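Data block below; observations after.
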Amino acid sequence: MHLLLVDGSGYIFRAFHALPPLNRKSDGLPVGCVQGFCNMLWKLMEDLKGEDEPTHMAVIFDAKGKTFRDDFYAEYKAHRPPAPPELVPQFPLTRAATRAYNIESIEMEGWEADDIIATYACQARAAGGKVTIVSSDKDLMQLVEPDGSIRLLDTIPRPGQPPLRWIGVEEVLNKFGVTPDKVIDVQALCGDSVDNVPGVPGIGVKTAAELINTYGNLETLLERAGEIKQNARREKLIANAELARISKRLVTLEQKVPVELELSALARQPVEPGKLFPFLKAMEFVTISKRLGGLLNADPEAWEADPALAAAPASPVGFNNEARAEARAARQEAEGRAGSPVVLHAAAMHEATKAIPWTPENYEIIRDAAHLQRWIDMAYREGLVATDAESTGLDNQTADLVGISFATQPGNGAYLPLGHTQGEGDIFGGGKAEGQMDTRQALDMLRPLFADRSILKIFHNAKYDLGLLARYDVAVNSYDDTLLLSYSLDGPQFNTMSELADHWLGVPGQSIKDLIGTGKGQKTFAQVDIPAAARYAAEDSDMTLRLWRILKPRLAAEGMTTLYETIERPLAPVLARMEGRGISVDRQILARLSGDFSQRAAALEAEAYELAGSNFNLGSPKQLGEILFDRMGLEGGTKTKTGAWSTGADVLEDLAAKGVPLARTIVDWRQLTKLMGTYTNALPEYMNARTGRVHTTYSQHSVLTGRLSSNDPNLQNIPVRTEDGRKIRTAFVAAPGKILISADYSQIELRVLAHIADIQALKDAFEEGLDIHAMTASEMFGVPVEGMPSDVRRRAKAINFGIIYGISAFGLANQLGIERSVAGDYIKTYFERFPGIKDYMDEQRRRVKIDGYVMTLFGRKINFPNANSSHAAERSFVERASINAPIQGTAADIIRRAMIRMEPELQKAGIEADMLLQVHDELIFEVPQGTENDAMPVIKRVMEGAAEPAVRLNVPIQVDAHAAHNWDEAH
DNA sequence: GCAAGGACGTA
DNA sequence: GTACGTCCTTGCA
């Protein structure tokens with residue numbers, strides 16, 4: 001018999017430190033050690049052929065938890081740091097690898113791998129067999145037998161040494177200066193700092209071997225310690241005799257572990273392709289699979305990946321597609337499986353990262369090129385750097401760069417100040433503060449780093465930094481964004497660094513207000529003194545890096561990799577460029593409108609005072625309510641939730657219809673003042689002095705359903721419904737020599753609904769290009785489309801929208817001004833005419849209660865933590881929102897995909913067109929005049945095909961595009 | 001100076 | 001009935 005025992009745990013740790021990191025391609029799971037382990041096992045079996053070929057074999061691992069040694073010496077291995085988080089998911093995988101090779105994998109709680117190895121080695125030797133222990137652990141040297149029946153084999157590759165190194169008595173003598181039977185006595189004296197075996201302080205291997213060789217063994221030495229001549233050595237031995245005895249117990253391997261498997265059960269089994277290839281495929285080890293396939297004369301492609309270990313399916317999930325429903329089931333199972341490797345990894349990264357202490361005193365201030373170069377070098381060594389640009393404001397189109405911070409490992413950090421000023425209270429802002437690098441020199445050094453695709457830059461809100469850095473001609477390739485990671489995983493739940501730090505790291509986030517103040521006395525970051533700024537900025541990068549370590553692995557664990565990598569991350573630079581371009585606004589048109597509106601508003605104001613019989617603040621709903629309902633005593637007033645009179649437009653319209661002229665006056669006045677306050681007066685304030693254009697800021701991470709939002713100014717709510725409102729659109733103009741194109745999706749949400757809920761009648765109508773609201777009316781009310789009264793169509797339109805919004809009889813009645821019972825009948829009829837709708841709605845209601853979220857066709861999750869609220873109104877709200885969210889969200893995903901593809905497609909087609917704005921289902925472009933007819937078909941094609949190939953919609957998507965010199969005419 | 005509420009602009 | 005952002009008033013610190 002020849003028994004081969006492999007020290008699996010020892011191998012994993014050595015592989016971890018020796019091999020470069022490797023991640024599974026489809027989900028980023030670390031698998032470097034697993035791959036190394038697989039290679040090692042195979043190579044071992046190849047190398048040990050002929051007379052060294054083992055007849056029995058097992059791989060032994062350390063089990064987690066305490067061992068009997070901890071019972072009598074609590075400090076044993078106490079200083080050992082927790083396993084690196086990348087290693088944690090690989091522990092179970094190496095066990096699985098062993099089984100895949102059809103080799104016994106053995107571990108026992110309470111025992112170290114070495115004890116189990118010792119036990120089997122002794123058993124085999126007693127049975128007259130030969131034993132080879134594959135390990136480079138010196139603790140196992142005590143087992144070596146002079147007769148060669150037990151040997152160690154070191155297979156860890158070392159430069160300049162043969163690949164296989166046999167360790168027999170001679171090698172043990174070289175290492176410990178004694179024969180194997182005395183190794184434990186030597187170790188008892190010299191101890192082991194790694195395992196925290198104390199030994200006798202001040203005695204090393206050399207002295208220990210000399211003493212043991214002189215006195216024969218440890219007990220004799222300790223008994224006769226008084227005879228030793230050297231004073232210090234004698235006293236140490238006498239004082240620490242007990243420590244030496246404990247140390248000996250610690251290093252002595254137990255040879256009588258109650259092992260479960262008999263020796264005979266370790267007899268070698270042939271490799272079975274049916275066990276091997278499903279594992280290798282799950283790990284995505286293509287090269288190993290091919291090589292072993294050739295050697296075993298088997299086709300690796302004949303086996304599917306082991307579903308228990310494979311990457312979670314990232315494919316999007318739909319409602320009406322059976323294959324996708326299956327994928328969803330598989331993914332949810334994967335998500336719920338606590339022991340799944342990616343889930344394990346994510347949890348380990350979270351734990352490990354949280355445990356890293358905060359050491360702000362270590363943050364550095366970079367004041368010269370040499371120091372900056374050291375940080376650039378560190379980024380190259382790590383392959384990544386978290387970074388954050390500090391600037392003078394929140395708008396990256398006007399703010400100036402003040403400094404840049406970096407972190408390459410959790411706990412380190414540096415700040416490169418560039419634009420700090422000196423001297424406060426001086427209206428000229430003082431000069432440049434001392435001790436800062438020249439901005440141009442620093443950026444020249446940093447440009448290659450930011451552009452280097454092999455170095456990952458980690459931002460929090462990359463869009464801001466990308467847009468700011470672009471103004472300094474710094475291009476960024478290869479980046480991650482913790483804000484978008486968080487949004488992909490958790491939606492808009494955590495929006496700020498502060499909230500993320502609080503939730504994931506358990507530390508309070510920083511407040512910029514503490515540095516720059518607030519209100520009138522607010523400073524800019526440039527005025528903050530450099531040490532304080534450095535502490536803040538470096539910590540920001542440190543936090544970003546820590547958050548990244550926690551959030552990135554969650555993508556794979558929770559099946560959100562595709563969403564993040566194909567939609568969220570690539571969209572950020574597209575938005576940054578749109579923000580940077582801005583749109584041209586005609587100041588004169590706005591000024592003329594302001595004049596017109598304010599004159600008319602003033603007239604209405606006077607009229608209102610006349611009608612009310614007194615002057616009051618027309619802008620105060622409180623005062624208006626009191627005048628209408630208390631003083632004038634009008635009937636039919638309703639109260640808001642705070643008990644104030646309700647004076648909304650619908651209430652005033654009702655009153656006007658009942659012959660209250662004041663109500664009409666107020667409605668008109670409100671419209672005009674709204675247009676002035678929000679648009680004609682406000683927009684010119686947003687014109688950028690540098691570009692002469694208006695630059696909105698998009699928020700990619702604020703909307704529950706996946707839509708964008710626009711702010712400062714909001715260019716997604718420019719008026720369109722009223723004639724006066726539309727005049728404002730005429731002020732959004734093309735630059736000289738250019739023309740605007742507006743391209744909008746026609747009925748995108750109803751089409752998405754028709755697809756998701758699989759409504760044949762709706763799909764047919766879209767296929768035939770019918771007027772969808774007229775078709776609905778005709779189905780519901782039995783009125784022919786030809787010559788249909790406009791009111792009938794209007795009612796059907798309201799119902800169609802109602803369906804998208806998660807219809808209720810109450811809401812529909814309100815909208816149409818009809819009885820609730822009539823609205824209920826409408827809904828009933830609708831469900832009868834389009835039966836799939838009800839199924840869809842019920843399915844979403846059911847899912848949100850089970851899962852706490854619903855999903856778009858592209859796999860975006862929309863969370864509803866209150867789905868099972870005890871508050872009935874809240875529950876109903878969640879039900880409606882969960883019906884709407886997959887529809888609105890899928891439409892949002894589609895236009896996001898269109899935007900990501902638009903620029904490369906335009907370029908490919910040789911078309912010069914700048915994408916300027918997005919308004920949920922509409923994209924605005926600026927193109928050279930005369931090229932619009934070339935641009936529009938490309939734009940249409942990209943938008944209409946944006947769902948594919950990820951999702952094949954079974955309704956046609958239609959985009960209408962128009963070109964004109966201003967937005968009103970183009971729309 | 002700030003937060004909340006009401007009102008209203010968009011898809 | 002869904003999803004947003006902004007302006008203005010009000011009330012409190």
Side-chain angles (χ1 to χ4, degrees), chain A residues 492 513 517-522 616-625 639-652 666-667 669-679 681-683 685-686 696-699 702-722 724-726 728-729 744-745 747-750 753 798-816 820 823 826-827 841 844 854 862 864 873 876-889 891-892 895 917-922 971:
Chain A
K513 286 179 183 151
T518 168
K520 207 153 58 83
Q522 196 171 37
F616 67 102
N617 188 344
L618 284 194
S620 165
K622 186 168 176 277
Q623 293 179 31
L624 176 64
K639 296 277 181 85
T640 66
K641 62 183 174 206
T642 56
W645 289 110
S646 186
T647 70
D650 49 344
V651 174
L652 296 182
I666 300 287
V667 168
W669 180 88
R670 277 187 181 165
Q671 196 204 6
L672 289 170
T673 52
K674 172 81 177 182
L675 294 179
M676 283 192 290
T678 310
Y679 306 103
N681 294 343
L683 277 173
E685 302 295 318
Y686 284 101
T696 184
T697 302
Y698 287 103
S699 176
S702 300
V703 182
L704 197 63
T705 56
R707 277 189 175 181
L708 299 176
S709 73
S710 156
N711 58 67
D712 301 303
N714 182 353
L715 296 186
Q716 289 180 323
N717 71 344
I718 302 302
V720 71
R721 287 173 193 173
T722 64
D724 278 329
R726 268 199 305 280
I728 292 163
R729 288 207 168 205
D744 70 298
Y745 284 105
Q747 307 289 0
I748 181 81
E749 292 191 348
L750 273 179
L753 172 69
I799 295 165
N800 276 335
F801 276 99
I803 294 294
I804 292 171
Y805 296 155
I807 201 156
S808 76
F810 179 85
L812 184 63
N814 242 356
Q815 174 71 29
L816 288 176
R820 183 129 43 120
Y826 282 2
I827 295 169
M841 291 184 159
Q844 299 309 314
V854 291
I862 297 118
F864 292 100
S876 305
F877 175 78
V878 168
E879 287 184 6
R880 291 192 297 272
S882 69
I883 288 164
N884 171 258
I887 303 169
Q888 185 182 120
I895 196 167
L917 303 178
Q918 188 249 42
V919 193
H920 308 307
D921 64 358
E922 175 187 13
H971 185 67

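By convention in this document, chain letters (A, B, ...) are assigned in the order of the sequence lines, proteins followed by strands, and residues within each chain are numbered from 1. Note that the coordinates shown come from a computational prediction; the quantities given were computed from them, not determined experimentally.
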inquiry  = Testing the basics here: between A:A798 and A:L816, what is the closest heavy-atom pair and its distance to 0.1 Å?
reply    = CB-CD2, 3.6 Å
ask   = Mind checking what makes ring-ring contact (aromatic ring centres under 6.0 Å, His included) contact with A:Y679, not counting sequence neighbours?
value = none
Please give, in whole Å, the distance from [N] [atom2] to [X] [atom1]?
{"X": "A:F616", "N": "C:dT10", "atom1": "CZ", "atom2": "C1'", "result": "16 Å"}
{"X": "A:L672", "N": "C:dC8", "atom1": "CG", "atom2": "C1'", "result": "16 Å"}
{"X": "A:N711", "N": "C:dA3", "atom1": "CG", "atom2": "P", "result": "19 Å"}
{"X": "A:L715", "N": "C:dT6", "atom1": "CG", "atom2": "C1'", "result": "12 Å"}
{"X": "A:I803", "N": "C:dT2", "atom1": "CD1", "atom2": "P", "result": "14 Å"}
{"X": "A:Q815", "N": "C:dT2", "atom1": "CD", "atom2": "P", "result": "12 Å"}
{"X": "A:L750", "N": "C:dT2", "atom1": "CG", "atom2": "C1'", "result": "13 Å"}

Quick check on [N]: is either OP1 or OP2 less than 4.0 Å from any side-chain nitrogen or oxygen of [X]?
{"X": "A:K622", "N": "C:dC8", "result": "no"}
{"X": "A:S709", "N": "C:dG5", "result": "yes"}
{"X": "A:T518", "N": "B:dC2", "result": "yes"}

inquiry  = At under 4.0 Å between heavy atoms, how does the protein contact nucleotides 4-11 of chain B? Give one character per nucleotide, 5' to 3', with B, S or -.
reply    = -SSSBBBB
Under 4.0 Å, counting only non-hydrogen atoms across every strand here, what does [X] touch: a base, just sugar-phosphate, or nothing?
{"X": "A:L704", "answer": "sugar-phosphate"}
{"X": "A:S699", "answer": "nothing"}
{"X": "A:A798", "answer": "base"}
{"X": "A:G802", "answer": "base"}
{"X": "A:F810", "answer": "sugar-phosphate"}

ask   = Could A:K622 and A:W645 be counted as a cation-pi pair, given that NZ or CZ must be under 6.0 Å from the ring centre and within 45° of the axis?
value = no
Distance-only polar pair, side chains of [X] and [Y], donor-acceptor under 3.5 Å:
{"X": "A:E879", "Y": "A:Q844", "value": "no"}
{"X": "A:S710", "Y": "A:T696", "value": "yes"}
{"X": "A:H971", "Y": "A:E922", "value": "yes"}

task = Not counting sequence neighbours, list each pair that qualifies as a side-chain hydrogen bond (donor to acceptor under 3.5 Å, both in side chains) and has a residue in residues 800-814 of chain A.
result = A:H773-A:N800, A:T776-A:N800, A:N800-A:Y830
remark   = From the candidates B:dG1, C:dG1, C:dC7, the one with an atom nearest any side-chain atom of A:T678 is C:dC7
